[in-house]
2 protein chains.
Amino acid sequence: MQTAPLHAKTVPAASPLLAGSNPAQALLLTENAALTNGPPLLFQRLTAKEREEVLREGQKRVVYRGKMLFSQGTPHDGIFLIESGRIRVFYIAPSGREITLAYWNAGNFVGGPELFGQGQHVWSGVAATNSVVVHLTGKTLRRLIAQVPAFAIGLIEGLTFKGKCYSALAQMLGTRSVTERLAHLLIHLADTYGVKEEGAIAIGSAFTHADLAHMVGATRQWVTISLKRLQEQGVLKAEKAKIVVYDLEALHVMRGDR
Amino acid sequence: MQTAPLHAKTVPAASPLLAGSNPAQALLLTENAALTNGPPLLFQRLTAKEREEVLREGQKRVVYRGKMLFSQGTPHDGIFLIESGRIRVFYIAPSGREITLAYWNAGNFVGGPELFGQGQHVWSGVAATNSVVVHLTGKTLRRLIAQVPAFAIGLIEGLTFKGKCYSALAQMLGTRSVTERLAHLLIHLADTYGVKEEGAIAIGSAFTHADLAHMVGATRQWVTISLKRLQEQGVLKAEKAKIVVYDLEALHVMRGDR
DNA sequence: GCAAAGGAGGCAACTAATCGACACCTCGGC
DNA sequence: GCCGAGGTGTCGATTAGTTGCCTCCTTTGC
């Protein structure tokens with residue numbers, strides 16, 4: 001629960017929320033079809049005036065990379081709109097095993113699982129990069145829903161989208177082997193962050209093996225072994241903080257869609 | 001997609017939706033805390049007049065046990081309100097592996113993943129018991145949301161609840177072993193459907209081993225073996241169509257919460 | 001410059017879980 | 001009565017994935 005002080009010296013990049021850019025909403029173990037079909041971001045449904053109104057109602061908060069925004073088991077009230085940055089939402093089981101539900105980007109909201117306060121967080125949120133969020137309490141949310149109809153619609157679509165993401169994640173975890181899931185994730189990363197590089201695709205991700213493991217629901221070691229195996233097969237090459245995919249087709253075959 | 005003809009002779013029990021009963025909303029691999037904390041059913045938020053209005057807008061459909069309500073890959077439009085009965089929502093991977101997302105009871109809605117039409121079903125729905133559903137198209141939904149505010153709130157809460165269910169399922173599948181998941185499910189079944197019986201709890205479920213396997217994301221054989229193992233340990237006794245739990249505490253230990 | 005921390009990578013032992021196959025049992029229909 | 005379908009019990013082979021531990025390499029901070 002250590003959030004960074006607001007008087008900090010270095011301030012993250014300015015609000016893309018008001019600018020209205022539309023990057024991918026989230027990153028998780030799922031075909032990106034579900035993501036590209038996502039609804040417009042919550043804020044894009046609003047007029048400039050409405051946006052200002054919403055932002056005015058909330059309390060701005062800066063969260064530095066690695067700091068917790070909210071923690072599993074603590075009481076919650078309302079949601080956090082992500083103004084800039086990226087929040088990783090994850091769950092830790094009693095056994096210590098951890099699963100990343102998703103990385104949510106600017107324009108979406110995190111918190112929950114309830115909208116209107118009461119209850120405890122059943123997962124945690126940590127800043128994956130320096131981020132700025134706007135906290136809207138349950139009480140404020142109720143008022144905004146009544147006052148700004150477009151905000152209500154945006155919330156409904158956001159919730160529908162989250163439902164899609166989580167059910168897709170459950171589908172993956174319930175029916176695919178770890179190997180298939182890793183292939184899946186690599187394809188997704190290549191599609192989303194890949195840069196073409198003379199026949200190959202370079203994923204310049206900042207993800208560690210442990211990060212990848214948490215996304216596919218496996219151990220760090222297994223990811224290391226699998227990546228090594230793929231490297232031996234000539235499918236890809238893992239360099240530090242960079243994965244170069246040579247044979248995307250092979251990954252598709254591993255995933256089961258030829 | 002074989003729905004039963006409306007002129008069928010045997011008609012399922014009459015609508016508990018209008019009666020306003022409140023059974024568990026759903027059955028799935030999750031601690032029942034998430035379920036008991038669920039919001040009031042969609043219809044309980046409405047006045048009798050509003051209920052009638054909603055029911056009038058939709059098209060009633062009878063689905064017999066084992067018949068598909070909707071199928072993965074087919075285009076969809078709107079949602080199905082469950083008036084009576086129980087619908088199993090499941091996903092089949094290309095490999096043939098199947099995972100049950102949830103059994104939804106009367107009072108909830110299924111379909112999706114989108115509310116307002118467009119797109120394809122990414123999962124299937126089959127009647128677990130003879131059921132009556134009301135189909136509301138995307139167009140109708142939009143109109144109802146605008147006309148009946150309580151309906152909009154009910155939808156939001158329903159969506160939030162589904163999000164909770166699916167994320168909890170992902171948490172389970174991502175961090176627990178099959179054994180732990182089975183223990184979890186058994187505890188949940190005992191809590192929900194269990195009948196006290198001289199120190200033991202009898203679960204008179206109609207679930208086959210395959211049904212249980214689909215819920216925990218495992219194979220039928222593994223469930224058979226695990227149940228046998230538990231029986232040898234004296235934790236429970238599996239009779240046909242009935243499981244008697246002697247040592248609930250042991251299941252809690254297996255699950256990891258002492 | 002050094003020390004500490006965290007990540008990458010490797011490896012051996014182990015077990016949880018799958019896969020495929022088959023035999024059996026029970027129930028309902030003809 | 002026989003037959004077929006669907007559910008259960010079991011076996012052996014195989015693999016997928018975990019656990020625990022250890023080394024090396026970077027990065028960062030002092």
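Convention: sequence-line order gives letters A, B, ...; per-chain numbering from 1. Predicted, not measured: the structure shown is a model, and the values here were computed from it.
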Between Gln221(B) and Ala218(A), the residue closer to the 5' end of DNA chain D by nearest nucleotide is Gln221(B)
Side chain proximity check, Lys162(A) to Asn108(A), heavy atoms < 4.5 angstrom = yes
In terms of side-chain heavy atoms of His209(B), which of dA17(C), dA8(C), dG9(D) is nearest?
-> dG9(D)
Grab the CG-P distance between Leu182(A) and dA16(D) for me, whole Å please.
-> 14 Å
State plainly whether the residues Glu98(A) and Arg88(A) are in salt-bridge range, i.e. N to O under 4.0 Å.
-> yes
Residue closer to the 5' end of DNA chain C, Ile225(A) versus Thr219(B) (nearest nucleotide) = Ile225(A)
Determine whether the side chains of Arg65(A) and Asn130(A) contain a donor N or O and an acceptor N or O closer than 3.5 Å.
-> no
Take atom CH2 of Trp222(A) and atom P of dA16(D), then tell me their distance rounded to the nearest Å.
-> 6 Å
Could you state the CD-P distance from Gln231(A) to dG10(C), rounded to the nearest angstrom?
-> 9 Å
For Arg97(B), which contact category applies under a 4.0 Å heavy-atom criterion: base, sugar-phosphate, or nothing?
-> sugar-phosphate
Compare all side-chain heavy atoms of Phe109(B) with those of Trp104(B) and state whether any distance is below 4.5 angstrom.
-> no
Going by atom types alone, do Ser177(B) and Glu180(B) pair a side-chain donor with an acceptor below 3.5 Å?
-> yes
Length of the CG-P vector between Leu227(A) and dG9(C), whole Å = 8 Å
Just to confirm, is there a sub-4.0 Å distance from OP1 or OP2 of dA17(C) to any side-chain nitrogen or oxygen of Thr179(B)?
-> yes
Under 4.0 Å between a side-chain N/O of Thr208(A) and OP1 or OP2 of dG7(C), yes or no?
-> no
Would you say Lys228(B) reaches dT10(D)'s phosphate, i.e. side-chain N/O to OP1/OP2 under 4.0 Å?
-> yes
Round to a whole Å and report the spacing from CG of Leu212(B) to P of dG7(D).
-> 12 Å
Atom CD of Glu180(A) and atom P of dT15(D) are separated, to the nearest Å, by 16 Å
Rounded to whole Å, CZ of Arg65(B) lies from C1' of dG6(D) at a distance of 11 Å
Between dT10(D) (P) and Arg220(B) (CZ): distance, integer Å | 11 Å
